[in-house]
Engineer: 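The structure that follows is given in the form of structure tokens.
In what follows, residues are counted from 1 in the order of the sequence shown.
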Amino acid sequence: MKRYKDLSPPPRTIMTPGPVEVDPRVLRAMSMPILGQFDPAFTDIMNETMEMLRELYMTQNQWAFPVDGTSRSGLEAVMVSLIEPGDKVLVPIYGRFGHLLTEIAERCGAEVVTIETEWGTVFDPEVVKQAIVQYRPTIVAMVHGETSTGCMQPLSEIGHFCRENDVLFVVDAVATIGGVPFYTDEWKVDAVMGGTQKCLSVPSGMAPITYNDRVERKIQGRKSIERGLRAASDIPLAGMSGHNRIASNYFDLAQLQDYWSPKRLNHHTEATTMLYGLREGLRILLEEGLEARFARHAENGAAIVAGIRGMGLELFGDDSARLPVVTCIQIPAGVDGESVRSMLLHDFGIEIASSFGPLQGKIWRIGSMGYSSSRKNVLHVLGALEAVLIHHGVKLPAGQGVQAALHVYAGQKEVTYQ
């Protein structure tokens, strides 16, 4: 009979765009005893989590709660609950995850219209506004921070234009929430989908979302109550006959609302330890303070950029649209990018990422998110990358990368956000 060793994952410095290192306090919280999901002590935790999510998303929305599942579960839950077959959905694509939104919308039965710009750039808001006028969509679905290209899309103008034209604006903020400012209400964003495993520094397994009453009205129009839960007094709803009903049971936001509301209508068995972790991650975030957290991420991202330039390497993407928490680096000619990543992992215990699609094998991506976004980690990855590149025969000014980063830490200029 085969015997297995004790579980002992190797220690790593994780500098990818997700997952990232988890704050030890989060791991400690996840070791707490299990509670029943309707225990008042547990529903208090649910309510506190909702309160903290509203602060994180900078919103007055009633609905702010996690969907149990990885980040993609939040994307699916919002889109399958919101998109009715035949709805026209506009998706502006500037990287891998715009294509993902497109695919999800297509699977929901939408009539999907896409516009695209070159990977490494973002859209002039005027281009998106013109597309809205031309195609007259019901919904615009867009990515805030594209980890595949290291770019971040300005949203405010687009959000206001959508609101003025009665178009629902849905945003994937998985890569940015908790690391850069996201003004849900101010930017007129109707629904936002986030993730835990990036700037929140919580293990992957929950997708915190928020949406406003405009979204809720459409969802409620498709509401059904699971057959085994219906009481004799329930008034028949439009969705009960199957007409216009939300296609997914698990990702049905109308049912999840009842689960997270004072009704506590049973829907699924809550991922108790994951909720403990999310609550603690949010508590830590708010204890640090949103502005201080944004400044930390901006400073560490700027230090990586300065360090890479100090080595004489080329960055990928439009400087004016740079995502502060992901730095994309062009792999020098003649260098085996995977050999460099392998040496970083096995000799230094550092993980960085490659990329996807048209950028596969052309760039490396260094994440500086959440608990991984620290001065120690930044200096470690820059020093190690320099050593590995020299080992691979790259001629570069030894020591200048780390010195450039130290210069940033000695006097970081103010960073502004669009």
Side-chain angles (χ1 to χ4, degrees), residues 22-71 73-74 77-78 81 177-178 184 191-197 200-213 215-216 219-220 223-235 237 246 248-288 290:
V22 175
D23 192 305
R25 291 173 289 180
V26 170
L27 296 176
R28 182 181 63 193
M30 294 178 72
S31 71
M32 296 297 174
I34 299 295
L35 290 170
Q37 65 197 67
F38 301 117
D39 185 317
F42 188 73
T43 55
D44 283 347
I45 292 170
M46 294 174 72
N47 291 336
E48 288 176 347
T49 301
M50 293 179 76
E51 290 170 8
M52 290 189 280
L53 284 174
R54 292 186 192 103
E55 290 190 57
L56 169 65
Y57 280 115
M58 300 189 206
T59 185
Q60 297 299 312
N61 291 345
Q62 177 184 358
W63 299 112
F65 57 84
V67 177
D68 289 351
T70 61
S71 302
S73 72
V78 170
S81 297
I177 198 68
T184 302
V192 192
M193 302 85 85
T196 54
Q197 78 280 15
L200 297 188
S201 270
V202 175
S204 178
M206 278 195 161
I209 65 172
T210 186
Y211 53 90
N212 60 21
D213 55 0
V215 171
E216 183 186 5
I219 290 170
Q220 289 291 79
K223 181 175 182 177
S224 62
I225 298 174
E226 196 174 306
R227 287 185 178 87
L229 297 177
R230 293 177 199 164
S233 58
D234 281 331
I235 299 172
L237 301 167
I246 294 170
S248 173
N249 176 287
Y250 189 74
F251 293 138
D252 185 331
L253 290 184
Q255 292 187 21
L256 286 171
Q257 279 184 187
D258 286 342
Y259 179 71
W260 280 87
S261 76
K263 293 180 183 178
R264 304 296 177 196
L265 190 62
N266 194 10
H267 180 262
H268 64 283
T269 301
E270 186 54 38
T272 310
T273 53
M274 276 304 308
L275 192 64
Y276 293 166
L278 176 57
R279 181 198 176 278
E280 181 65 2
L282 293 170
R283 187 197 67 78
I284 292 167
L285 179 148
L286 294 175
E287 181 180 72
E288 181 178 3
L290 288 174

Engineer: Over all heavy atoms of both residues, which pair between Met206 and Ala271 is shortest? Give the atoms and the distance, please.
Structural biologist: CE-O, 3.9 Å

Engineer: Quick one: list whatever passes side chain to side chain donor-acceptor pair (under 3.5 Å) with Arg54, sequence neighbours left out.
Structural biologist: none

Engineer: Among all residues two or more places apart in sequence or in another chain, which pass the side chain to side chain donor-acceptor pair (under 3.5 Å) test with Asn47?
Structural biologist: Arg264

Engineer: Measure up the Phe38 and Tyr259 rings against each other and bin them: parallel (under 30°), tilted (30 to 60°), perpendicular (over 60°).
Structural biologist: perpendicular

Engineer: Can you name the closest pair of heavy atoms from Phe42 and Gly36 and give their distance?
Structural biologist: CB-O, 3.3 Å

Engineer: Quick check: closest heavy atoms across Thr49 and Arg279, and the distance to 0.1 Å?
Structural biologist: OG1-CB, 3.7 Å

Engineer: What residues, two or more places apart in sequence or in another chain, satisfy side-chain contact (heavy atoms from CB on, under 4.5 Å) together with Glu226?
Structural biologist: Leu229, Asn249, Gln255

Engineer: When you look at CD of Glu48, are more than 12 heavy atoms from neighbouring residues, nucleotides or ligands closer to it than 6.0 Å?
Structural biologist: yes

Engineer: Quickly, which of Val192, Val202, Leu53 forms a side-chain contact (heavy atoms from CB on, under 4.5 Å) with Pro208? Name it, please.
Structural biologist: Leu53

Engineer: Mind checking the CG-CG spacing from Leu265 to Leu256? Nearest 0.5 Å is all I need.
Structural biologist: 10.5 Å

Engineer: Going by side-chain contact (heavy atoms from CB on, under 4.5 Å), name the residues that satisfy it together with Ala254, two or more places apart in sequence or in a different chain.
Structural biologist: Ile219, Gln220, Lys223, Ile246, Asp252

Engineer: His267 and Tyr250: which non-hydrogen atoms are nearest, and at how many Å?
Structural biologist: CE1-O, 3.2 Å

Engineer: Taking all non-hydrogen atoms of both residues into account, name the closest pair between Tyr57 and Gly194 and its distance.
Structural biologist: OH-N, 3.3 Å

Engineer: Under the side chain to side chain donor-acceptor pair (under 3.5 Å) test, which residues partner Thr196, sequence neighbours left out?
Structural biologist: none

Engineer: Calculate, to the nearest 0.5 Å, the distance between atoms OG and CD1 belonging to Ser71 and Ile177 respectively.
Structural biologist: 12.0 Å

Engineer: So, do Val26 and Ser201 sit near enough that their side-chain heavy atoms are less than 4.5 Å apart?
Structural biologist: no

Engineer: With the side chain counted from C-beta on, respond yes when Met274 and Pro66 share a heavy-atom pair under 4.5 Å apart, and no when they do not.
Structural biologist: no

Engineer: Do Leu253 and Tyr211 come close enough that some side-chain heavy atom pair is under 4.5 Å?
Structural biologist: yes

Engineer: Minimum heavy-atom separation for Thr70 and Ser204, please, with both atom names.
Structural biologist: CG2-OG, 3.3 Å

Engineer: Is there a side chain to side chain contact (heavy atoms under 4.5 Å, CB included) between Tyr276 and Ser31? Walk through the geometry before answering.
Structural biologist: CA-CA 9 Å; Tyr276 293 166; Ser31 71; over 6 Å; no

Engineer: Hey, what do you get for CE (Met32) to OG1 (Thr272), rounding to the nearest 0.5 Å?
Structural biologist: 14.0 Å

Engineer: Go through the structure and list residues passing side chain to side chain donor-acceptor pair (under 3.5 Å) with Glu288, not counting sequence neighbours.
Structural biologist: Arg293, Arg296

Engineer: Roughly how far, to the nearest 0.5 Å, is the CD atom of Glu270 from the CD1 atom of Ile34?
Structural biologist: 10.5 Å

Engineer: For residues Leu290 and Met58, determine if any side-chain heavy atom of one lies less than 4.5 Å from a side-chain heavy atom of the other.
Structural biologist: yes

Engineer: In the structure I gave you, are the side-chain heavy atoms of Met193 and Ile209 within less than 4.5 Å of one another anywhere?
Structural biologist: yes

Engineer: Nearest 0.5 Å, what's the CD-OG1 distance between Gln37 and Thr43?
Structural biologist: 10.5 Å

Engineer: Report the distance from atom CG of Leu200 to atom CG of Asp23, rounding to the nearest 0.5 Å.
Structural biologist: 12.0 Å

